[in-house]
Amino acid sequence: MTANARLYPLFATIAIFIAAYAICWMQFPYMLSTRVVGNLLTDNAYLGIVAVGMTVVILSGGIDLSVGSVIAFSGVFISVVLRDTSLHPLVVFALLLSVTTAFGAFMGLIIHWLAMPAFIVTLAGMFLARGAAYMLTIDSVPIDHAFYEFIKDSYYLMPGKGRLTVIAVVMLLSVAFGALIAHRTRFGASVFALGGGVQTARLMGVNVGQTTVLVYAFSGFMAGLSGIVFSIYTGSGYPLATVGTELTAIAAVVIGGTILTGGAGYVVGTLFGVLTMGLIQTYIVFDGTLSSWWTKIVIGLLLLLFIVLQKGLLKLTGTQRDAALA
Amino acid sequence: MSRFLARIAPQLVTLAAIVVLVTLFFPDFIQISFERGRFVGPIIDVLKRGAPVALLAIGMTLVIATRGIDLSVGTVMAITGAVGAWAIASGYGVVPALLLAMVAGLACGLWNGILVAIIGIQPIVATLILMTSGRGVAQLITEGRILTFNDPAFAFFGSGTLLGIPFPAVLWLLLAVAVTLLMRRTALGMLVEAIGINRAASALAGVNARVLLIAVYMASGLCAAFAGIVATADIRGADANNAGLWLELDAILAVVIGGNSLLGGRFSIAASVLGALIIQTIDTGILLAGFPSEYNLVIKAGLVLLILLLQSPNLAHTWRFLRDEAMRRREPEPELHTRKEIEP
């Protein structure tokens, strides 16, 4: 019974996404084409990837405010290294991913060793990553490389002439990878235990320090991957890019049905959270008369809706448990 | 009084150290002159530019003391600034504009308070809702433009001076003193701390936690309204996109540098305001010391980490442990010495 109740937020997210898509489709029949779907996936690829990392962090009861800055740093790092050296992009990608993973692990270490709130540590990390991006360059650096052209030109042409791009596939694979890690591994179980309560997790035999470090390292890795995807998407590196992405990612995670206190949620839900937010933007583009600020207001209302929904569900399952105990 | 000084001593020492550090790089930093009826100098500039964060930090301290957090203050600044500028531009006059802006701030606080205290949503999520959607509301008010106005009376709140001191500096100073007195001369401060330490226990002890929580979030909204008025009056325009952007993070940082625990309980408004001044001194100091502006954020991050390291409870524990170890090692030293001599 409780296992089912836990799935309700996920079902609600998917139901709302489908309902919203149906409304859009009734108004603009062209919305239901593989072109729109392909663009929806491509435009939100970087957000989806970073939100997967954020989901795992939030499941563990933490928060990572540094990811937006890390994405900007990644873009700048890639473009500057490609400009100044003759390294192959794949080598640069590997370098970058090790840097951002180490950065995440470092933040995890500080959080664990110094017993400081994740909020503040990752806030300092946010300043640090953004500052490092500024130190590399303060200009927008274009990326001119045959490999980038190759990636941009390779896509799978879906029936209906929609393009399933490489970065969209990378995003879908990240979600699958994140779901696998969170729900099917020992590490994932430790993350959920940590989110349920540090004290209990420790008593259960979870290695709290190791898990914390790995959680933030995973988020750093995902932020780096998201930065690579973002650099392919925009074809440049810019230190002022993706300001505030961390909060968009958190919103996507919450809309995706994960509880912000940690311990309950699904990585797949986050994908639908991202797509729902992307759908609102697509609708506004299709409509043409609505102003872009309605996006923010609607996302805020959706956030409220989901939180109240979760609150109600928690109360519902709580009374059931009480009834079972009595 | 001595207890008060002991409480804010770490912040005072940090501030003094940073001022000395900046002065080493930029000797003119501590110079203040009196020109055309107003004080001029880098320190006066710090007091003025630090005003929005200092104002936000006052409200944020109270919210954090109840074990909450208010992410929406930057957005509330944008909303109240937009409301104020709209009222001025529509010809309502200065006093109604100020009142409308303050009411807008209180309404935002009421919204947050209801979500937290009555619906029972975690503060960080509850205020995240207003943070993301509020900028949309502000843009709705300004219709997506930067609403400019030219009203010297309203502009006074941003760029005017009182007794030669910039008005924003006077405002945060007065507000900090007033709120401190209100909290410490009555039982309010203790009740706020009681909620932060254990809400259930305080409710059992008869504290009306629900009403008090809403009041605290409304106070934070009001502080954000003041900050919004100052920021809007300073540039004589309401910028819904950029007014107060990311200032909530600076305000939280100020409270943490002020030594207040994010887990609620004991709080000190004076220490938080000093935290805001520390942040502003770092920002201004880095610029004046002549570092390339690209290095600003990295230096700031480094200093913040250093301050947090020094305040970390775990590190304090380790320090004490190391000191005790060192003392223990020093005492049996002669014994070790003799043993070494015997060995060969």
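Chain naming here is simple, since letters A, B, ... match the order of the sequence lines and numbering starts at 1 in each.
For the pair A:P239 and A:D139, the tightest heavy-atom approach, listed with the atom from each and the gap, is CD-O, 3.4 Å.
Proximity to chain B is absent for every atom of A:V298, based on heavy atoms less than 4.5 angstrom apart. For A:L128, the parts lying under 4.5 angstrom from a heavy atom of chain B are both the backbone and the side chain. In this structure, the portion of B:I124 lying under 4.5 Å from any heavy atom of chain A is its side chain and not its backbone. Proximity to chain A is absent for every atom of B:L263, based on heavy atoms less than 4.5 angstrom apart. With a 4.5 angstrom heavy-atom cutoff, A:I63 touches chain B only via side-chain atoms. Contact of A:I297 with chain B is made through backbone and side chain together, with heavy-atom distances under 4.5 Å. Interface residue B:Q122: only side-chain heavy atoms are found under 4.5 Å from chain A.
The closest side-chain donor-acceptor pair between B:S272 and B:N260 falls under 3.5 angstrom. The closest side-chain donor-acceptor pair between A:T270 and A:T55 falls under 3.5 angstrom.
Residues A:F17 and A:L279 are in side-chain contact: their nearest non-hydrogen atoms beyond the backbone lie under 4.5 Å apart. A heavy-atom distance below 4.5 Å is not found between the side chains of B:I195 and B:R67.
Annotation: A:F119, atom CZ; neighbour count of heavy atoms from other residues, nucleotides and ligands within 6.0 Å is above 12. Other residues, nucleotides and ligands contribute more than 12 heavy atoms inside 6.0 Å of the CZ atom of A:F286.
Per-residue heavy-atom pair counts under 4.5 Å with chain A were compared for B:V137, B:I129, B:I69, and the maximum is reached by B:I129. The choice from B:L249, B:L140, B:I252, B:V125 that makes the most heavy-atom pairs within less than 4.5 Å of chain A is B:L140. Here A:I120 is the residue among A:I138, A:L65, A:I120 with the most heavy-atom pairs under 4.5 Å with chain B.
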